[in-house]
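As structure tokens, the structure follows; a few thoughts come after it.
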Amino acid sequence: MLFVKIEDVAWFEADEKYVSIHLRDGKTYLSDLTIKTLEEKLDEGFIRIHRSLLVSINRIKEINRHFNGCFIVRIDDVNQTKLQSGRGYGEQVKRMMEI
């Protein structure tokens, strides 16, 4: 078992039965928790932008509009990762941008 500081997490990505934990430094670890369980357990510092993506609000560097109500979210990590929101999560991204 490996303990990871929550402030080091950039985003979580669901993939079949596992969730990948992506850290700022580019390292990735696997968890057997579901993305829904993580979303429920984590505080308000994370936002669901896709059915398979849960992103740290503190690690969002830039948000750009995409087509069909989607957004491209650029993460402040070593790879400057770009993640696409799901259409059904566009309203959540908009509300977060108003903060």
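Predicted, not measured: the structure shown is a model, and the values here were computed from it.
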### Pairwise side-chain hydrogen bond (donor to acceptor under 3.5 Å, both in side chains) hits with a residue in residues 4-16, at least two apart
E13-H22
#### Entry: Flag side-chain contact, heavy atom, 4.5 Å: E44 against I57
no
#### Entry: Audit row: R65, K94, side-chain contact (heavy atoms from CB on, under 4.5 Å) steps and yes/no
CA-CA 10 Å; R65 288 191 181 273; K94 284 181 191 178; 4.0 Å; yes
### Summary
N79 and G26 have their tightest heavy-atom pair at ND2-CA, 4.2 Å
### Query
Taking everything shown except Y18 itself, do over 12 heavy atoms lie less than 6.0 Å from its OH?
no
### Summary
OG of S85 to CG of L53, rounded to nearest 0.5 Å, is 9.0 Å
### Task
Please lay out, stage by stage, how R48 and I35 fare under the test side-chain contact (heavy atoms from CB on, under 4.5 Å).
CA-CA 9 Å; R48 188 93 173 253; I35 198 93; 3.3 Å; yes
## Note on the structure
When rounded to the nearest 0.5 Å, the distance separating CG of L83 from CD1 of I72 is 8.5 Å
### Residue pair T34 / V19: nearest heavy atoms and the distance that separates them
C-CG2, 3.9 Å
### Query
Between Q84 and C70, what is the shortest heavy-atom contact and its length?
NE2-SG, 3.9 Å
### Query
Transitively linked via ILVMFWY side-chain contacts under 4.5 Å: L30 with I21?
no
### Summary
When rounded to the nearest 0.5 Å, the distance separating CD1 of I75 from CG of N58 is 11.0 Å
### Message
Grouping I, L, V, M, F, W and Y whenever their side-chain heavy atoms are under 4.5 Å apart, do L2 and L33 come out in a common cluster?
### Response
yes
### Message
Tell me which one of T81, V9, V93, I49 satisfies side chain to side chain contact (heavy atoms under 4.5 Å, CB included) with V55.
### Response
I49
### Closest non-hydrogen atom pair, R24 against D76
CG-O, 4.3 Å
### side chain to side chain donor-acceptor pair (under 3.5 Å) involving Q80 - partner list, sequence neighbours excluded
K61, R74
### Query
Is a salt bridge present between E39 and K36, judged by a nitrogen-to-oxygen distance below 4.0 Å?
no
### Message
Evaluate I47 against I60 for side-chain contact (heavy atoms from CB on, under 4.5 Å), listing each step before the verdict.
### Response
CA-CA 10 Å; I47 183 172; I60 294 175; 4.3 Å; yes
### Residues in ring pair (Phe, Tyr, Trp, His ring centres under 6.0 Å) contact with F12, at least two apart in sequence or another chain
F46
### Query
Of all heavy-atom pairs between G90 and F71, which one has the smallest distance, and what is that distance?
O-CE1, 3.6 Å
### ILVMFWY network linking L23 to L42, side-chain heavy atoms under 4.5 angstrom
yes
### Message
If we ignore hydrogens and angles and just use 3.5 Å, is the side chain of D25 paired with the main-chain N or O of K27 as donor and acceptor?
### Response
yes
